[in-house]
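The figures that follow rest on heavy atoms only: side chains count, while hydrogens, waters and symmetry mates do not. It should be emphasised that the depicted structure is a prediction, and the values quoted were computed from it without experimental measurement.
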Amino acid sequence: MTLPTQLVLRALLESPTQERYGLELCGMAGLESGTIHPILARLEAAGWVDSSWEDVDPSERGRPRRRYYRLNPDGAERARDALARASVRSATALGVLRPGLAGGAGT
C-alpha cells in the first residue's frame with residue numbers, strides 16, 4: 001500500500017461515517033487533488049468507499065457541485081486492518097535495516 005493511500009485512509013478514518021469532499025481530503029492528507037482523486041476512485045472500485053454528489057445548483061453556490069466520500073462499514077474495517085499491516089511492515093523493515101531501533105541487538 002502506497003504512502004499516499006495510507007494518508008487518504010487515515011484522513012477518512014478520522015470520522016469514518018462523515019462525508020468529506022475531495023478538496024477537504026486533500027488538506028487533511030496533505031496531498032494534491034491529482035493524487036487524491038485516483039486513490040478515491042480505486043477505493044470506491046474496491047468497495048471500501050461510497051460516494052455521492054451533493055444536491056445543489058452550482059450557479060446558486062458559485063462553485064461546482066462537490067462529490068462526497070466516506071468509508072462504508074466494511075471499508076472502515078478493511079482500512080484499519082490494512083493500515084495496521086502497513087505499520088507492521090514498516091516496523092519490520094526498520095528492524096531489518098536498523099536493528100538497534102527496533103529492539104534488536106543494535107551496535
Side-chain angles (χ1 to χ4, degrees):
M1 175 181 300
T2 65
L3 180 58
T5 300
Q6 291 177 49
L7 293 171
V8 170
L9 289 174
R10 289 183 196 287
L12 288 166
L13 280 169
E14 284 187 23
S15 294
T17 60
Q18 182 175 349
E19 293 182 322
R20 306 223 182 240
Y21 61 99
L23 191 56
E24 181 180 18
L25 287 167
C26 288
M28 293 174 70
L31 299 169
E32 300 292 324
S33 68
T35 301
I36 283 263
H37 286 94
I39 292 168
L40 291 168
R42 284 192 301 274
L43 292 171
E44 186 170 17
W48 294 25
V49 168
D50 297 326
S51 73
S52 62
W53 288 98
E54 73 178 334
D55 188 23
V56 299
D57 180 354
S59 62
E60 288 179 10
R61 293 286 175 117
R63 62 165 173 78
R65 289 187 317 154
R66 293 177 176 164
R67 187 168 184 175
Y68 286 91
Y69 301 87
R70 70 169 182 80
L71 286 167
N72 57 45
D74 184 53
E77 183 178 328
R78 295 171 88 186
R80 287 184 191 97
D81 183 53
L83 289 171
R85 285 193 320 265
S87 293
V88 168
R89 282 193 301 273
S90 295
T92 302
L94 280 175
V96 170
L97 298 174
R98 298 164 68 182
L101 294 179
T107 52

Practice item. Check the surroundings of atom CD in Glu54: do more than 12 heavy atoms from other residues, nucleotides or ligands lie under 6.0 Å from it? Key: yes

Review point. Between atom CZ of Arg61 and atom CZ of Arg66, what is the distance when rounded to the nearest 0.5 Å?
Key: 7.5 Å

Check your understanding: With hydrophobic residues grouped by side-chain heavy-atom distances under 4.5 Å, do Leu13 and Leu40 end up in a single group?
Key -> yes

Revision key, fill the gap. Distance col, row Glu19:CD vs Asp50:CG, nearest 0.5 angstrom, shows 9.0 Å

**Study point:** Contacts of type salt bridge (charged side-chain N to carboxylate O under 4.0 Å, His left out), residue Asp81, not counting sequence neighbours
**Key:** Arg85

Point to revise | Any Leu43 side-chain heavy atom under 4.5 Å of Leu9 side chain | key: yes

Check your understanding: Which residue pairs pass the side-chain hydrogen bond (donor to acceptor under 3.5 Å, both in side chains) test with at least one member in residues 39-48, sequence neighbours excluded?
Key -> Glu44-Ser51, Glu44-Arg67

Point to revise | Within residues 18-39 or reaching into it, pairs that qualify as ring-ring contact (aromatic ring centres under 6.0 Å, His included) - sequence neighbours excluded | key: Tyr21-Tyr68

Revision key, fill the gap. Output for pair (Thr35 OG1, Leu3 CG), nearest 0.5 Å, gives 11.0 Å

Point to revise | Beyond-backbone contact of Ser87 with Gln6, side-chain heavy atoms, under 4.5 angstrom | key: no

Practice item. Would you check if Leu71 and Arg78 make a side-chain contact, meaning some heavy-atom pair closer than 4.5 Å? Key: no

Practice item. Please check if Leu23 and Trp53 belong to a single hydrophobic cluster, counting links between Ile, Leu, Val, Met, Phe, Trp and Tyr side chain heavy atoms closer than 4.5 Å. Key: no

Revision key, fill the gap. Rounded to the nearest 0.5 angstrom, the CG-CZ distance for Leu12 and Arg70 is 11.0 Å

Practice item. Step by step, work out the side-chain contact (heavy atoms from CB on, under 4.5 Å) result for Leu7 and Ile39. Key: CA-CA 10 Å; Leu7 293 171; Ile39 292 168; over 6 Å; no

Study note, to complete from the structure: On a heavy-atom basis, the closest approach of Pro38 and Ser33 is CD-O, 4.1 Å

Exercise for review: Identify the two heavy atoms, one from Ala11 and one from Arg20, that lie closest to each other, and give their separation to 0.1 Å.
Suggested key: O-NE, 4.4 Å

